[in-house]
Protein chains: 2
Amino acid sequence: MTATVPAPGSRALPHPAHEEIRLEGVLHALADPMRLRIVRELAADGDELSCSHFDLPVTKSTTTHHFRVLRESGVIRQTYRGTAKMNALRRDDLDDLFPGLLDALLAAAARQSARLGSG
Amino acid sequence: MTATVPAPGSRALPHPAHEEIRLEGVLHALADPMRLRIVRELAADGDELSCSHFDLPVTKSTTTHHFRVLRESGVIRQTYRGTAKMNALRRDDLDDLFPGLLDALLAAAARQSARLGSG
DNA sequence: CGCTTCGTACGATAGACCTCGTAGTACGGC
DNA sequence: GCCGTACTACGAGGTCTATCGTACGAAGCG
């Protein structure tokens with residue numbers, strides 16, 4: 001009952017409820033370089049970003065796929081705004097479920113990025 | 001050159017060097033329930049454990065596979081001791097590369113376990 | 001109403017992954 | 001030397017995943 005159900009006639013998207021978020025799913029989502037990159041940009045910006053804001057080295061189809069995986073694993077929340085689809089980290093939910101995990105993950109990603117010199 | 005190379009004639013196992021450990025690989029390794037379970041047991045025990053110590057609901061072949069993934073991703077270190085193969089968390093390497101990550105991950109797993117498994 | 005932009009759905013493909021069973025190797029004890 | 005234990009290697013089956021291309025839908029602008 002807690003899962004966000006799309007309102008009839010609208011363009012809402014199905015998200016897992018707070019307590020439906022599984023650690024394995026989050027780790028799986030973040031284990032992909034493309035998705036980790038998306039999450040890092042989202043965290044760096046701190047606010048909502050449209051899908052088209054990301055300039056990923058894959059086609060739009062694949063980008064849609066990755067955003068869907070992130071949403072279905074509970075990492076991001078997606079909402080339509082006109083023709084754009086806005087993406088935001090579910091920081092509150094993740095911090096409540098797994099305190100410190102997201103920050104540790106982002107710090108680890110930043111550290112590795114600095115170490116490997118790729119950004 | 002830093003990767004541990006198996007000595008000729010011995011039974012040493014190839015491990016990724018400290019700086020070869022990649023965050024995505026670690027996350028991928030830990031995204032599997034069976035492997036997460038192994039790592040949790042390893043962390044709980046705090047010392048080396050033989051493969052046969054684990055009573056996983058899969059065959060021995062599959063168990064071997066999971067331990068290999070954990071080793072090749074840099075999460076555990078494996079050494080032979082007689083006929084047994086001992087497994088230990090690479091805590092030092094992981095804590096140095098990704099400070100706080102392993103603890104956050106283990107805490108998250110424990111939290112979820114308490115929340116879902118009711119035990 | 002057209003046109004553009006943004007994103008989706010569907011099908012296909014190639015590769016990765018989890019699992020298994022069987023056969024095989026290494027070590028230690030008798 | 002022989003046997004049991006511990007683990008491995010190889011191959012196969014079935015599923016999942018990442019990627020693409022093309023065709024489509026929804027919202028805004030002229």
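Lettering of chains follows the sequences in order, A, B, ..., and the numbering in each one begins at 1.
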* Which of these nucleotides, dG7(C), dG21(C), dC7(D), is closest to any side-chain atom of A84(A)? ->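 So the side chain of A84(A) is nearest to dG7(C).
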
* Asked: Which of these nucleotides, dT17(D), dT19(D), dG7(C), is closest to any side-chain atom of H28(A)?
  ->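 Comparing dT17(D), dT19(D), dG7(C) against the side chain of H28(A), the answer is dT17(D).
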
Does a side-chain N or O of [X] approach OP1 or OP2 of [N] to a distance below 4.0 Å, or not?
{"X": "R68(A)", "N": "dA9(C)", "value": "yes"}
{"X": "R81(B)", "N": "dA6(D)", "value": "no"}
{"X": "H53(B)", "N": "dA6(D)", "value": "no"}

* For the base of dG21(C), is there a side-chain donor-acceptor partner from S61(B) under 3.5 Å away? ->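 Result: at least one qualifying N/O pair found.
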
* **T83(A) (side chain) and dG7(C) (base): donor-acceptor pair under 3.5 Å** =>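 Under the 3.5 Å cut-off, the side chain and the base do not form any donor-acceptor pair.
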
Within the structure shown, what part of the strands sits under 4.0 Å from [X] by heavy-atom distance: base, sugar-phosphate, or nothing?
{"X": "H66(A)", "answer": "sugar-phosphate"}
{"X": "R35(B)", "answer": "sugar-phosphate"}
{"X": "F67(B)", "answer": "nothing"}
{"X": "S52(B)", "answer": "sugar-phosphate"}

* Would you sort out whether D55(B) and R37(B) count as a salt bridge (Lys or Arg N to Asp or Glu O under 4.0 Å), showing the intermediate values? => CA-CA 11 Å; D55(B) 189 27; R37(B) 174 169 161 178; over 6 Å; no

* Spacing of H65(B) atom NE2 relative to dC10(D) atom P, expressed in whole Å ->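 Result: 15 Å.
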
* State plainly whether one hydrophobic cluster holds both L106(B) and F54(B), where clusters connect Ile, Leu, Val, Met, Phe, Trp and Tyr through side-chain heavy atoms under 4.5 angstrom apart. =>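 Yes; F54(B) is reachable from L106(B) via cluster members.
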
* Asked: If each of G82(A) and V58(A) is mapped to the nucleotide of DNA chain D with the nearest heavy atom, which maps nearer the 5' terminus, i.e. the 5' end?
  ->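 Result: V58(A).
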
* Shortest non-hydrogen contact from L36(A) to L30(A)? ->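 Looks like CB-O, 3.7 Å.
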
* For R91(A) and D103(A), work out which heavy atoms get closest and say how close. =>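 Minimum heavy-atom separation between R91(A) and D103(A): NH1-OD1, 3.1 Å.
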
